[in-house]
Protein chains: 2
Amino acid sequence: MMEISLSACGIYNCLDCRYVANATCPGCAEGNKHLRDAGDKVCAVFACVESRGIASCQECGEDSCVLRRSVESICPVRSRFENTRWWAGRMARALEPRKCAGKEADSKPRMSDRVVNRLRWYLTALDSLAEQGETSVSSWRLAQRVGVNAALIRKDLSRFGEFGTPSFGYRIDYLSQRIAAILGLDEPRGVVWIGAACMRLHLQSVGRLAKHDCGVVAVFDASPEEVGSPVGDFEVLPLEKLADVLAGSRVSAAVLALTGPAAAKAADMLVEQQIKAVLNLSGEMLALPDSVKVCSFDVVGELLELCHYCR
Amino acid sequence: MMEISLSACGIYNCLDCRYVANATCPGCAEGNKHLRDAGDKVCAVFACVESRGIASCQECGEDSCVLRRSVESICPVRSRFENTRWWAGRMARALEPRKCAGKEADSKPRMSDRVVNRLRWYLTALDSLAEQGETSVSSWRLAQRVGVNAALIRKDLSRFGEFGTPSFGYRIDYLSQRIAAILGLDEPRGVVWIGAACMRLHLQSVGRLAKHDCGVVAVFDASPEEVGSPVGDFEVLPLEKLADVLAGSRVSAAVLALTGPAAAKAADMLVEQQIKAVLNLSGEMLALPDSVKVCSFDVVGELLELCHYCR
DNA sequence: TAGATTGTTAATCGATTAACAATC
DNA sequence: TAGATTGTTAATCGATTAACAATC
C-alpha cells in the first residue's frame, strides 16, 4: 500500500465540511475544484474515512481508496476552523431548538419497505456520527455516509415532518430520536430468540438491541441437548414454554434460527402466539399469513447469488 | 388448531394443477369458483402446502391458513388423474426437448440486482419441486411458490432466451440448469470463510453450496484462540495465510464474519487480493471500492427494522 | 447581507403488471 | 380441435432525482 505524507500531497475535499483545501495532485499537477457530488471525477480526492464518497483521479488514475488509511480522520478545513468564532457560531446556530416539531403522528402514512430500510440506515449513520461527537449534519453529508442521494433523504424525512433548519441541516440528537419514534423504537419491546447456537454467536451484538429498549427476553431451542444450557445470562428454554413467556409480555418479534423441519414447526407456534414479525435465519422458505412480517436471510442462498457478481 | 376431515369439507383449488374440485364450504355453504389469482378472495380455498397463495373465506372468515396442516400434500385432482392417459400425455409432452435454446450468451445484458435476486429464488423453488419428483412447471405455479407475478417470471426469463413451451410450461431440469448458468453457477467456484464461529454454525448448510460447485475452500480467523482449531474438515488458518490460499485458486467470494475493527482489516486484505464479492455479516458498515460487490446483513439492525412492523 | 440548505414540486427513470397474438 | 400457456408489447405504477422557491 502506497504511503503518502500529508504535507507533501493532496487536494482534500472533506466530506465533513465540503470545503476544498488548496493543493496540487502529485500525479498530474492539476489544481482543485469545488466538488458537490460524490460521483464527480476530480483529481486526487481523498475521502474522509468511513465515507463512501471515494473517487479516483481522472488524470493519473490514482485511486484514493488505497490512500484512505494514510489520511484517516484528517479533515484539514475542520481542524483549521474548529476553534474560530465562525465555526462556533455555525455549530451553535445549528443546535437552536426546532420550531416545527413534525406532522401529526396519527396520519400514519403507509411507508414502503424501502423507506423503512433507509430510515434504519439513517439511524445507524446518525448514531455513529453522534459517537464521534458531532452535533449536526446536512442531508448531503448524511447521504455520503449512507450511500444515497441527498434529495432522497430530504424526501424521506419530509413525509413525517420538518426536522431540519434551512442552511444548517439537522440536529443529530433530535433527528435520531424522531427517526427512532417513526420506526417504533420509542417504546420498549422485546424479542425472543429461537436457536441457542445462533444466539450464542450474536451475544456481543445484542447489546445494541438493548440500547434501543428492545432486548432479548428469552432463548429457546428445539433440541434437548441445548435446553437447560446457559447462553449469556439466559437459560435455554424448551419450545413448550414459548406460550408462557409470550403471554402478557411486550414481545412482538422473534428470531427463528433452527434448521430443517423444526423451523416450520416453531414458526407455526409463533403464528399461534400472534407474533407480529419474524426474522427467519433458518434457510427454509416459510409460508406464513400476511399478518406476520417475515424477513428471511439465508447465508447459502445469498452466497450463490453473489457468484453472479464474480463474472 | 381446527381439524377438518377431507371428505367432509372443502373446495380444493389446487395450486399444483389449478383445477377446482366440487364441494361446499362448511361455514357458509357457498359453492366453488375457478380461481386464477392468489389475491382472489374465494370461499374456503385450501392452498397446497408450501404455496404462499393462502386466502381466507370472504363469507365465514375461516382462514385457510389454520387448516393448512390437515390438507398437507393433498392435491385431489392430481391424485385422481395421475394414472390416466390424459395426465401421462400431458406430462410426456411437457418433457419433449426444447427447440429454441436461448439467446447468445455474449450479448450479456446487464441485469439489476432485483433480477439476480429473483432468479436465485426461482432456482430454489425449482430445486424443491425437483426434489418432490416434479418434471415440469408453469410460470403461474412457480409464481405461487416464489410469491411474485407470473408475468414477471416470464419477463425475467425471456431476457435470456425462450425456455418454455406454450401450453405446457417449463421443464424443471432444463430451466434449472439454464438459470444456474445465468447466475454463473455453471463453472466451479470457491469461497473463503473468515470467522470460525460463524462457519461452525453453518456447517450443515454449506453442503448446499457444494451441490452447486461452490464449496468452502478454507476457514480463517483473526483470534489466536481459534487458529488451529478444527471446523468440520477444516483447520482454522490465520489471516496471514489469506494471500497464499487465494493465489491461483478459483476463489472469488468471501464470507466476512468477524466483529469490530478486525472486520475492516480483513476486508482490506480481501480487497488487496482482488476478491470480487463479499458477504458481510460483521455488522460493520464497510466502505469498499465499487469493484467489489458487497452484500451486508446485520441481525441486530434487521431486528430493529422489524420493530416498525410490530405496530 | 450573501450563501447554504431545507422542504417540495415536477421530471425522470425503472420496475411491474395486464393483455394478447403466437404457439403448442 | 379447443384450451392452455408462452413470449412480448403497451400501460401502469412507484421510486428516485433534479430543480428551485422559501428559509435561515
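Computed from a predicted structure; not experimentally measured. Residue numbers begin at 1 in each chain, while the letters A, B, ... track the order of the sequences.
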Looking at S139(B), I'd like to know whether one of its side-chain N or O atoms comes within less than 4.0 Å of OP1 or OP2 on dT6(D). yes
Atom-pair distance (CD1 on I153(B); P on dT17(C)), nearest Å: 11 Å
Stems formed with participation of DNA chain C [Watson-Crick or G-U wobble, under 3.5 Å, three or more pairs]: C:3-24 with D:3-24
R141(A) CZ to dA4(C) C1', in whole Å, measures 15 Å
Mind checking whether F163(A) and Y174(A) have parallel, tilted or perpendicular rings, split at 30° and 60°? perpendicular
Side-chain (R120(A)) to main-chain (L304(B)) donor-acceptor, under 3.5 angstrom: no
Please list each protein N or O that sits under 3.5 Å from an N or O in nucleotides 13-16 of chain D, with the distance.
unit_1	atom_1	unit_2	atom_2	d
dT16(D)	OP1	R114(A)	NH1	3.1
dT16(D)	OP1	R118(A)	NH1	3.0
dT16(D)	OP2	R118(A)	NH1	3.0
dT16(D)	OP2	R118(A)	NH2	3.0

Euclidean distance, atom CH2 of residue W140(A) to atom P of dG7(C) [Å, nearest integer]: 18 Å
Does Y170(B) put a side-chain nitrogen or oxygen below 4.0 Å from OP1 or OP2 of dC24(C)? no
Could you tell me the separation between the CD1 atom of I153(A) and the CD atom of Q144(A), rounded to the nearest 0.5 Å? 9.5 Å
Exercise: identify the closest heavy-atom pair between L123(B) and S176(B): CD1-O, 3.4 Å
Between D113(A) and Y309(B), does the side-chain contact (heavy atoms from CB on, under 4.5 Å) criterion hold? Intermediate values first, please. CA-CA 10 Å; D113(A) 289 1; Y309(B) 299 96; 2.8 Å; yes
Would you mind reading off the distance between R171(B) atom CZ and dT5(D) atom C1', rounded to a whole angstrom? 17 Å
Rounded to whole angstroms, how far apart are CD on E162(B) and P on dT23(C)? 9 Å
In this structure, how many angstroms lie between the P atom of dT6(D) and the CZ atom of R159(B), rounded? 19 Å
Does the N280(A) side chain pair with the main chain of E284(A), one donor and one acceptor, at a distance under 3.5 Å? yes
Nearest whole Å is fine: how far is dT8(D) P from F163(B) CZ? 11 Å
Rounded to the Å, how far apart are F160(B) CZ and dT8(D) P? 13 Å
Between the protein and nucleotides 19-21 of chain D, which nitrogen or oxygen pairs are less than 3.5 angstrom apart?
unit_1	atom_1	unit_2	atom_2	d
dA19(D)	N6	R154(A)	NH2	3.4

Side chain of S167(B) only, please: which of dT8(D), dG3(D), dG7(C) is the nearest? dG3(D)
Check whether any side-chain heavy atom of Y170(A) sits under 4.5 Å from a side-chain heavy atom of L126(A), and report yes or no. no
